[in-house]
Asks: 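Could you have a look at this structure, given as structure tokens, before my questions?
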Amino acid sequence: MEGEIAGLGPLLLTLRLALVTTALLIVIGTPIAWWLAVTRSRAKPIFEALVALPLVLPPTVLGFYLLILLGPNGALGSLWVTITDEALTFTFSGLVIASMVYSFPFVVQPLQSAFESVGRDLMEAAATLGASPKDAFFSVVVPLSRRGFLTAGIMGIAHTLGEFGVVLMVGGNIPGETRVISIAIYDHVEMLDYAAAHRMSILLIGMAFTAMLALYFVNSRKPLYE
Amino acid sequence: MNNSDSKNSSGSCHLRLTRSDFSLDVSFDLPAHGVLGIFGDSGSGKTSVLRCLAGLERNVRGSIVVGDSVWLDEEGQALPTHQRRVAYVFQDSRLFPHLNVQSNLSYGQKRRATAESSVSRDEVLSMLGISHLLDRKPAQLSGGEKQRVAIARALLSDPAVLLLDEPLASLDDARKQEVLPFLDRLHRMVRIPMIYVSHSVQEVQRLCDRLVVMEKGRKTFDGDVLSALTQPNASLSSDADAGALLKGKVVEYDAVGGVSVIALTEEQKIYTPAKLEIDAHIAIRIQASDVSLSLDRPSRTTVLNILEGQIVKCINQTDHHVVATIDVSNQKLLARISKKSWEQLSLASGQNVFVQIKAVSINDAVFIY
């Protein structure tokens, strides 16, 4: 409708958003998941509940507070403006931050459970062989958690693909900037362009199915080490 | 082995650890060579001692000095585990499952071993009999093989002290017998001092030179193994595992019956179903539960081993059992007797008795020389 070829623009934007969001989440989520996996702190349930919150909150609630936080007068938004001279709302960067909040549990939880199943014992063994905690983490925990990383990556991407409410609240509908595929579908339906809505929806179904297939394929193979 | 000069110790430790249900407070000298055994029941704190030495426990107070380096001082400054030259063999081996044996072995070697490591890789491989396993993953190893690899991995990280935490406890008897000879060899061939935690009298007497006995987080004995084993009231004689050592000389081997004769004195002899070297001096541990007493010389009995002795002491062990200390030609033997038969025979200290020993297992032997 806006001169796009069969919704290619929203599709590429969506993919870019999903990949950038997931990559950043793995970087940020790994230390958080590790802390949650090994901490003896009594505050652990509080942090676990916070991590899980995006699972149950309506995207509109998340989006509403993100809009306030990321807005030019919000804490994060005004900081961003002073640093980059750009707003966070209704931009791709803002969308990335919002998606990271939205998909946070989908990345952190698989990592946490992978780290928990590796356990503390092998870290101790590594330490008695001269490995510093960081060394032991990368030489023992990471390779043993590679299914956890794969699961986290697939879940992060798949979940970000289907994002709608949060994007609508903080990103709006700017072609090439924030108009992701779910928004585009909504538009087409509003305009009664069912054919275009079908094309995009089926594409999204295909992508979602591929992601889930990959996920179950990764996790259905026999245990790595038994 | 036991030089009496100051070279006998490579350091010392004083460890204090307090938890809600347990407190540890022990100090002892670390061996310069040979194997120091730490013996005690579960809950006595022996594993905690090793974990404190390795820096795996938090909130440890006290001091640890090994050679020139201070691992822990009274101000609470603790060197992190990876900076201590310590290696640890865990009960459950803890091999890295994603690495093959080869890479497991080089994990510590890469990170810590110096040019003048005291053991060579080839030596360790052949000593522990694992050269043929290098390409396998830990999942493809038997329990005994895993522990041998774990021991090799620890040795190759060039530790100043090697800590072994019941390395045989997770193995069944057959596997234990498979690994024990390797530990024997380790003991003889490696100069790295070792601390060996165990609750098995058999392992301790076979492998250790010196023994620290622990009870409820405290040290109750510190000395050479033979005296720990012959001291009937050392806590080695707790519960059903109680026993004492009898020392003697192998005087005869009866090829027909397949038994060796060990003379305690001219008259007092015991028999064991094994071929032993004539003239070897030997100490055999006799389980208190294998010993029974009789007021008359037993005749027409299947028990071969009958000695004469005198009751010198008796303690109530449980509500139903007493443990009597018997003097047999100036050696001490323990007998675990039911209270009922004790009273029926009206046994008491000072009484002369005949001692019958049901089983003398050569597995419980220590060769003195």
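The figures here come from the full heavy-atom set of this structure, side chains too, leaving out hydrogens, waters and symmetry mates. Residue numbering restarts at 1 for every chain, and letters A, B, ... go by the order of the sequence lines.
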Asks: Less than 4.5 Å apart, side chain to side chain, heavy atoms only: is that true for A:Arg40 and B:Arg58?
Replies: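 The answer is yes, as the side chains (C-beta and beyond) meet within the 4.5 Å cut-off.
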Asks: Atom CZ of residue position A:Phe209 - does it have more than 12 heavy atoms of other residues, nucleotides or ligands inside 6.0 Å?
Replies: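 Not buried by this count: 12 neighbours or fewer within 6.0 Å.
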Asks: Distance-only, no hydrogens or angles: does the B:His82 side chain make a donor-acceptor pair with backbone N or O of A:Asp135 under 3.5 Å?
Replies: no
Asks: When you look at OH of A:Tyr65, are more than 12 heavy atoms from neighbouring residues, nucleotides or ligands closer to it than 6.0 Å?
Replies: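 No, the 6.0 Å shell around OH holds no more than 12 heavy atoms from other groups.
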Asks: Which pair of heavy atoms, one from B:Tyr107 and one from A:Ser139, lies closest together, and at what distance?
Replies: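 In terms of heavy atoms, the two residues are closest at OH-OG, 2.6 Å.
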Asks: Do the side chains of B:Phe90 and A:Leu122 get nearer than 4.5 Å, heavy atoms only?
Replies: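 In short, these two side chains do not touch, never coming nearer than 4.5 Å.
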Asks: Tell me whether B:Arg111 contacts the main-chain N or O of A:Leu129 through its side chain, where contact means a donor paired with an acceptor under 3.5 Å.
Replies: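 Absent.
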Asks: Taking all heavy atoms of B:Leu56 and all of A:Thr128, pick out the closest pair and write down the distance.
Replies: CD1-CG2, 4.3 Å
Asks: Let me know if A:Arg120 has heavy atoms under 4.5 Å from chain B in its side chain, its backbone, both or neither.
Replies: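 For A:Arg120, neither part sits under 4.5 Å from chain B.
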Asks: Can you tell me which portion of B:Arg153 sits under 4.5 Å from chain A's heavy atoms? Options are side chain, backbone, both or neither.
Replies: both
Asks: Check whether B:Leu95 gets within reach of chain A through its side chain, its backbone, both or neither, counting any heavy atom under 4.5 Å.
Replies: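 Contact with chain A: backbone only.
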Asks: Looking at A:Leu144, A:Val142, A:Val118, which hits side-chain contact (heavy atoms from CB on, under 4.5 Å) with B:His98?
Replies: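 The option that passes is A:Leu144.
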